[in-house]
Every structure is written in C-alpha cells, then in structure tokens.
Amino acid sequence: MLDTPSSLNAEVQTILSELGVPQAAFTGGSRRVVSPVDGSVLASVPMVETGAVGDAIGQAHAAYLAWRTVPAPRRGELVRLLGEELRTHKEALGRLVSLEVGKAPSEGLGEVQEMIDICDFAVGLSRQLYGLVIPSERADHKLTEQWHPIGVVGVISAFNFPVAVWSWNAALAFVCGDAVVWKPSEKAPLTAIAVQAIFEKAAARFGDVPAGLSTLLVGEREVGEALVDDPRVPVVSATGSTRMGRAVGERLARRFARAILELGGNNASIVTPSADLDLALRAVAFGAMGTAGQRCTTMRRLIVHETVYDTLVSRLKRVYANISVGNPLTSDALVGPLIDGAAFEGMGKALAAAKAAGGTVTGGERVDVNGDASFYVRPALVEMPSQTGPVVEETFAPILYVLKYRDLDEAIALQNGVPQGLSSSIFGTDMREVERYLSAGGSDCGIANVNMGTSGAEIGGAFGGEKETGGGRESGSDAWKAYMRRQTNAINYGHSLPLAQGVKFDVDGGSAEA
C-alpha cells in the first residue's frame, strides 16, 4: 500500500475541491481511502460516531415533516435540478468513481448517467403518484385509495455501485415526500461525499429545502446498525451480501419497519441449441468479466446445451486467454482490479473448492499490474461436472462456472437450483423455449432476459430479485410505492348509513335533549 501522496491523491483532492467539498471532509480523518487501481491512499475521511446518528435522524425527520407538505410536482423540481447538476458534473463524478473503486472510465461515467436517468424518471413520476377510485358496494359512497409520504428513508449502499444505488432510492424518495439518510460503504466514501455536495448545489438553486432532507453518515458498521434500529426510519434500503441482509431484515422486522433488500446474485444464463453463438459469446464475455466480476448482476453460471457446448466453450477459452487486464485509468483494458485483498482471497478459496469438486479451471491467476499494492486477476472459466460446492454460492469476483445440460427442464432446474434469485437470461431463437423460460414455470428470478446477459438493467424497470436476493425492488416501474404509505378512504355523501356486507345495526337515535 502506498502511504505517500500520489497523482491519484492529488486528482481526487482537485475534484472534491472543485465540487465545493470542504477540505476537512477528506483530510485528517481516521479512515484511509485506498484506490484499488494502484493501492495508493486517496484521502483520510472523518467518520461519524454512533452517538451522532440519532441527532442526524432527528434532523432528517424534521425535514420530512416539512417536505411532505410541499406539492409533489414542486418536489420534482428539486430532483430536476439535481439531474442538471449531475449532468454538469458528470465527468468529475464519473472519474471519481473510477479512482475510488477501479471501474473503467466508461463504466464510471455510465453509473453517473444512470443517476441522471433516474432523476428524469422521478421528475415525471412527481406528477403521476396515482391513487385509485374503487366502486363501492354501498349507495352514496365513494371508495378511494391514495398514497402519502412515509418518512425518513435509510439507504445503505455497497462499493460496487457507490453512487447509482443512492440515486435509485433518493430520487424516488424525494418526489414521494421523504427525507433520506445515507450510509455508504466504508470502501467508497469519497463518491458519497461528492454526491452530497452536488445535492447541496441543487438544493441551493431550489431554495427553501429543509435542512437534513439529504443526510450523509460516513461511518462503520455500528452507524448502519443505529440507522436500522431507529424507529423514526420506517424504510431501509440495504444493498450487500445475503448475510448482511438477513441481519438487517431481522432487525427491521422486530420493529415492523419496511425493508428493501438488494442482496446476493448467483446469476445464470442458459444457451440453447438455437442460440446465436456469436451474440452469446459477446454477451457472456461482458456479463461474466465486466467490472471484474463485481456486479450483483454478474453472470456467474453458464448452462450450455450439450450440442453446442464444445463449440462455445472452446471459443470462450480463447476470449478468456486474450482478455486485456490492466489499469483502467491508463489503458483500454477491459478488466480492472478487484476492490481489495479480501476479494482476491475469496476468489482463490472458491477456485480451490471448485478444483476439489472436480472442476477444470482456465485462468484465475493474479496479474502483476502494480505489484503487491493492488489486486488484478485474469478472469476464471471453470468447467464443472455438477452444480455443487462453490457453484451454489456467490463469490464477488470474475469466476464463471460452466455446466452442460440435455433438455430445457434440466437447464431451468439448474438455474433455479441455488438460493439466490436476482438475474437470469436465455439465449435462443426457438419461441417455444424462450416463452417457456419466461413463464411461471421458467426462471424464478426477479430479472429474466432474452438474448442478452444478466447485467445491464435499465432504470425503467424495477430492479431486484427473489429468494435470498431479498425480494426488494428499486428504481423504475411502481417501485415508488415502497417509499409511501397507502391509505384507503371511504366517503359517505348520502344521508343514510348502509353498512358493508349487508350488516344491520339499527339503534334508536334518541333526542338531542337526552
């Protein structure tokens, strides 16, 4: 690890300063932020003490009480301004994402574009928070359903998408009338600090934004626990491992709070006999190796029909042998670094377990890019005799397990035969097989794609998965309902009092003098 100031350190300080972040927010703190690109220390960030969390949530709750009465289209104006500020600072924030978590420049910029896109979505949504008018069974009655702001929304994000996940939640929460308290990953606090500064620019342009509407808590695990346990936070969106999500879900359930959980993904693609193998090859390469295998939607299992197995796998091996691995900031390498040494160790353990279970490993070795200071690896292709051992677990690294199948029932059973249920896909041109895969008897995942990989979700569709992935949904579609409370209203505009279901309860009204 490089403790001396580096060119990356200077660049980070320049970006943060230009965004208006005070120097005290990224210097002199107890938490060193290390770039996975070369192991250099980018900044030293002060950490929030657990005792300060309650006060921050209290301010956020007060902000919610004021913000909930602002008309929704006006709330949308704040998010429109946030989108404008993100457009203005897209290059700087995208670069900071690459510096802090090692993403290729196009992926860093793509993550910020995703933030811009969800702001656009949310602005339109601010005029579409529709309720219902429901036919009543009672004469002279109207039955309606409406949605109200719910309160403070807690957001706990992971390092792999250090800014986009906040925006999926925050853009919707703001237009829904909520305040947001964000606890980012300890591995990626700088991008969070930058986003908060960008939000404050939008808030200044908007005017009259209540203090605490967007609150950032850079802290350790205990800070996240305090956020999860506070009764003033009715909704918590948490992204991370299944183990983390299980703990968060249990704690929220104890106080009947709402959980939006985006957890593990052990995503599979099925390649059928009718598949376009050229298309499948490109999709598998990005899905399995993009972002160094550190997306929750990374393709981790490939289930190939026996008639095309040898052809496709031999071509994949050539791609894996020749894929470019290197510093994403100084080269056009397609595979950048793992986030840290723990990720490298986890990958090594998974490959050792795969070999012990009869797997044949191609690739997976460490690549010397910056010596011992960083962790670059060649992606691994692992041919497995069966779906066992590490194949049913999620390893956050570029490992693709390849399995062979004979008929579609077997392929679907293999795909669904893991605890996780985030993303999935099928490659094929046989309409019957494709539609069967998309039917109730097909993929059991929250996302099921056709003729594309498991990565690359768009903000227009609700994002999330089933089973141990947590069941949460964020971003598009009707995910906004998770950030509001539903209220049913029955209105009697007549002079009698008919009861529902024909119930009779007649009493003598008596006189006014009684």
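- Glu262 pairs by the side-chain hydrogen bond (donor to acceptor under 3.5 Å, both in side chains) definition with nothing, not counting sequence neighbours.
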- [ ] With side-chain contact (heavy atoms from CB on, under 4.5 Å) as the test, would you mind laying out the steps for Leu93 and Ile198 before giving the verdict?
- [x] CA-CA 9 Å; Leu93 184 56; Ile198 291 170; 4.0 Å; yes

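- Using a cutoff of 4.0 Å between basic side-chain nitrogens and carboxylate oxygens, Glu225 and Arg221 are scored as salt-bridged.
- Applying the salt bridge (Lys or Arg N to Asp or Glu O under 4.0 Å) test to Arg127 and every residue at least two apart in sequence or in another chain returns nothing.
- A salt bridge links Asp278 with Arg315; the closest basic N to acidic carboxylate O contact falls under 4.0 Å.
- Counting only residues at least two apart or on different chains, the side-chain hydrogen bond (donor to acceptor under 3.5 Å, both in side chains) pairs with a member in residues 316-326 are Lys317-Glu383.
- A pairwise comparison of heavy atoms in Leu329 and Ser98 identifies CD2-CB, 3.7 Å as the closest pair.
- We find that Glu365 and Arg378 are joined by a salt bridge, their nearest charged nitrogen and carboxylate oxygen being less than 4.0 Å apart.
- With sequence neighbours excluded, no residue forms a salt bridge (Lys or Arg N to Asp or Glu O under 4.0 Å) with Arg366.
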- [ ] Tell me, with the steps shown, if Val233 and Ile57 meet side-chain contact (heavy atoms from CB on, under 4.5 Å).
- [x] CA-CA 8 Å; Val233 183; Ile57 293 173; 3.8 Å; yes

Below 3.5 Å, can you tabulate the donor-acceptor pairs from side chains in residues 459-472 to any protein atom, sequence neighbours excluded?
residue : atom : partner : partner atom : Å
Glu466  : OE2  : Arg473  : NH2          : 2.5
Lys467  : NZ   : Asn416  : O            : 3.0
Lys467  : NZ   : Val418  : O            : 2.8
Lys467  : NZ   : Gln420  : O            : 3.4
Lys467  : NZ   : Asp444  : OD2          : 2.7
Glu468  : OE2  : Arg246  : NH2          : 3.4
Thr469  : OG1  : Gly264  : O            : 2.7
Thr469  : OG1  : Gly421  : N            : 3.0
Thr469  : OG1  : Leu422  : N            : 3.3
Thr469  : OG1  : Glu466  : O            : 3.4

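- Salt-bridge formation is not detected for the pair Glu111/Lys90: no Lys NZ or Arg NE/NH1/NH2 atom is positioned less than 4.0 Å from an Asp or Glu carboxylate oxygen.
- A ring-ring contact (aromatic ring centres under 6.0 Å, His included) with Phe174 is found for one member of Phe199, Tyr483, Trp67 and no other, namely Phe199.
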Sequence neighbours excluded and cut-off under 3.5 Å, please list the side-chain donor-acceptor pairs for residues 213-220, or say none.
residue : atom : partner : partner atom : Å
Ser214  : OG   : Gln196  : OE1          : 3.0
Thr215  : OG1  : Gly212  : O            : 3.2
Glu220  : OE2  : Arg31   : NH1          : 3.4

